[in-house]
Amino acid sequence: MEINYDGLVGPSHNYAGLSYGNVASMSHKAQVSNPREAALQGLSKMKALMELGLAQGVFAPQERPDVLALRSLGFAGSDSEILNAAFKKAPELLAACSSASSMWTANAATTCASADSEDGKVHFSAANLENKFHRAIEHPTTSRVLKAMFADGQYFAHHPALTSSGVTGDEGAANHTRFENSDGERGFHFFAYGQVALQTNGVVPKKFPARQSLEASKAIARRHKLPEKNCFFVQQNPVAIDAGAFHNDVVAVGHKRVLFYHELAYLDGDQFWDQLRESFSDACGGDLIRVKVSDQEVPLADAVKSYLFNSQLVTLPGGEICLIAPTECQETASVKDFLGRLLGDANSPIRQVRYFDLRQSMHNGGGPACLRFRVELTAAEMKAANPRCLLTPALYGELVAWVNKHYRDRLTIEDLGDIKFLNECRTALDELTQLLNLGSVYPFQLRA
Ligand code: SUG
């Protein structure tokens, strides 16, 4: 069974313009954010998917502002003194140490189903996210949260993030898709990378960074003990990265045997497709299906603006595949027309589209697919996973009440330097770890 664990938006959600290469983050810099609305928008999506009959999980946010990170940068004294000094002397670092970016759990880690691994375990590798400082500080807590969600060593294997270096940039599941054969028992792993870091004459983007390296993708496949014949590596198109597709999930999404992608998503244009189909068929049997969108139908800029491909593809209990899309797709003419044609096409594998308002997250470049981390579990593994992290109507009610109790509806960069805000965040997170039965996962809890 596929479970989508959505990132709960943390109380410090703000717009700091931290992600060079992410068009939405860059263009919303310094706007006033609304953390409460952001968290409630995310929870509404989770509830809607649960009500569609899908397994829905919750992934806890991180402790922010990250005083420990500020300490490591040389700020000293009490928490209050550290915040004060950082606000005055290095507001950009305070903002980076306060980002709620862990909400985009597609970047938290990469996982594989137990059926796919030679040792029969579900593997998790936290992502180092080394390309952006505000994200590179996520993985220690991500690892602790993952272990609290999937604790049983009989079923689950956890790997620390790869060494943070220019060679092993890893952005997690945002650049990874698991295809599967028709009975769902054999998985095939499709990794997209932005650069071959150790190749000096490789093709790379001209403007924006290529965050994921082939070296990292291959290391993840090795650690997860995936047979080589069940893996396929393809380079992202530098043109797409330069247009704002900082992760491959901005221009492509896969599910089961379907790949939905923009024609400019991959470097080799169409060449990869025949090779991918052949490799999949050799390894798993059966055929992959594609929905390829041409640049003429949806120009790359419209795909990036609307986040059409940052939608989730889910199989509804009745067997139909549904696209979970951001409302921006209804507001972008080329995308709206395309989706109309798609649904009118009797041969399309995608039969339904549902729209969600996720504007608070979208303004930082995070659509429906960014907000979720997909995990495939058998019935026994599901039983072994932390049951409190699976959404139920009761837990939904508790989380909405928790958000309403603790979250502000307005946050600016100035608020981040205030000790009152830090204390508010810690009180909220302490309560959350009890709601989700996570134990102590945050630095302030481990220090106490
Ligand atoms: O890493 N934005 C995130 C968005 C991540 C989206 N994830 C996927 N595509 N899977 C990033 O660029 C912006 C934060 C700020 O500017 O305040 C940010 O981190």
Side-chain angles (χ1 to χ4, degrees), residues 4-7 9-10 12-35 38 42 59 61-62 64-66 91-110 127-139 142 169-177 192 194 208-212 236 240-241 243-254 262 265 303-312 324 326 328 358-374 411-413 415-416:
N4 283 289
Y5 284 89
D6 274 44
V9 178
S12 67
H13 160 65
N14 71 89
Y15 299 118
L18 298 172
S19 282
Y20 182 66
N22 168 343
V23 179
S25 152
M26 288 156 70
S27 64
H28 289 91
K29 181 175 176 153
Q31 290 201 359
V32 177
S33 67
N34 184 337
F59 204 124
Q62 306 241 336
R64 295 288 181 271
D66 187 342
E92 67 293 344
L93 281 180
L94 176 62
C97 291
S98 304
S99 175
S101 52
S102 68
M103 71 172 91
W104 301 297
T105 51
N107 306 117
T110 310
N128 61 27
L129 300 172
E130 61 88 29
N131 194 265
K132 300 275 176 273
F133 174 77
H134 70 289
R135 305 222 58 185
I137 55 178
E138 290 176 20
H139 68 84
T142 302
D170 177 22
E171 299 282 319
N175 296 314
H176 168 255
T177 293
F208 293 145
R211 295 199 201 182
Q212 180 85 30
Q236 292 170 264
I241 295 178
F246 53 98
H247 291 136
N248 186 241
D249 67 2
V250 174
V251 279
V253 56
H262 192 276
V304 172
K305 185 170 83 179
S306 66
Y307 261 38
L308 166 65
F309 298 96
N310 200 261
S311 300
Q312 292 173 243
I324 305 295
E328 282 76 354
L358 296 162
R359 274 178 220 279
Q360 286 286 330
S361 167
M362 285 284 286
H363 286 174
N364 253 337
C370 297
L371 286 163
R372 65 94 162 91
F373 178 58
R374 279 183 285 194
L411 197 68
T412 63
I413 305 296
D415 297 318
L416 305 174

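In this text the structure is predicted, and so the values were computed from the model without any measurement. Counting starts at 1 for both ligands and their atoms, in listed order.
Residue A174 has at least one heavy-atom neighbour below 4.0 Å for each of these atoms of ligand 1: 10 (N). Under a 4.0 Å criterion applied to the non-hydrogen atoms of A106, ligand 1 contributes the atoms 10 (N). Remark: ligand 1 atoms within the under-4.0 Å shell around heavy atoms of N14 are 17 (O). Residue-ligand proximity, S25 to ligand 1, at heavy-atom distances under 4.0 Å covers atoms 13 (C), 15 (C), 16 (O). Residue N107 has at least one heavy-atom neighbour below 4.0 Å for each of these atoms of ligand 1: 5 (C), 6 (C), 7 (N), 8 (C), 10 (N). Which parts of ligand 1 touch N22 is read off a 4.0 Å heavy-atom cut-off, strictly below it: atoms 2 (N), 3 (C), 4 (C), 11 (C), 12 (O). In summary, the atoms of ligand 1 found under 4.0 Å from a heavy atom of G365, numbered by their order in the structure, are 4 (C), 6 (C).
Taking 4.5 Å as the limit, some side-chain heavy atom of E328 sits within range of a side-chain heavy atom of R359.
In this structure, the side chain of T142 does not engage the main chain of A108 through any donor-acceptor pair within 3.5 Å. The backbone N or O of S33 lies less than 3.5 Å from no partner atom in the side chain of N14, so there is not a single donor-acceptor pair. The backbone N or O of G367 lies less than 3.5 Å from a partner atom in the side chain of N310, making a donor-acceptor pair. Remark: the backbone N or O of C97 is not paired with any side-chain donor or acceptor of D66 at under 3.5 angstrom. The main-chain N or O of S19 is found under 3.5 Å from a side-chain atom of S25 such that the two form a donor-acceptor pair. Without hydrogens or angle criteria, Q312 side chain to I324 main chain gives no donor-acceptor distance under 3.5 Å. With S311 contributing its side chain and L308 its backbone, the two residues share a donor-acceptor pair below 3.5 Å.
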Might you work through the side chain to side chain contact (heavy atoms under 4.5 Å, CB included) test for I137 and R64, ending with a clear yes or no? CA-CA 11 Å; I137 55 178; R64 295 288 181 271; 3.6 Å; yes
Using the side chain to side chain contact (heavy atoms under 4.5 Å, CB included) rule, take V9 and Q360 through it: C-alpha gap first, then chi angles, then the decisive distance, then the call. CA-CA 10 Å; V9 178; Q360 286 286 330; over 6 Å; no
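When non-hydrogen atoms are compared, ligand 1 lies under 4.0 Å from the backbone of N364 as well as from its side chain. Contact annotation for R211 and ligand 1: only side-chain heavy atoms (C-beta onward) come within less than 4.0 Å of the ligand. Only the side chain of D249 comes within contact range of ligand 1, with a heavy atom under 4.0 Å; no backbone atom does. Here L129 has no heavy atoms under 4.0 Å from ligand 1, in either its backbone or its side chain.
Looking at G17 next to ligand 1, an N or O pair under 3.5 Å apart turns up. Every N/O-N/O distance between Y15 and ligand 1 stays at or above 3.5 Å. Of the N or O atoms in A16, one or more lie within a sub-3.5 Å distance of an N or O in ligand 1. In terms of polar-atom proximity, defined here as any N/O pair under 3.5 Å, G366 makes no such contact with ligand 1. Checking only distances, S99 never comes within under 3.5 Å of ligand 1, N or O to N or O.
In this structure, H13 falls outside the shell of residues with a heavy atom less than 4.0 angstrom from ligand 1. Ligand 1 lies within reach of H134, whose nearest heavy atom is under 4.0 Å from it. For the pair R135 and ligand 1, a heavy-atom separation below 4.0 Å is found.
In this structure, G254 and T177 approach most closely via the heavy-atom pair CA-CG2, 3.7 Å. The two atoms that bring N364 and N22 nearest to each other are O-ND2, 3.0 Å, heavy atoms only.
Using bins of under 30°, 30° to 60° and over 60° for the plane-to-plane angle, the ring pair Y15/H28 lands in the tilted bin.
Here the heavy atom of the protein found nearest to atom 8 (C) of ligand 1 is C370 SG, 2.8 Å. In this structure, the protein non-hydrogen atom closest to atom 11 (C) of ligand 1 is S19 OG, 3.4 Å.
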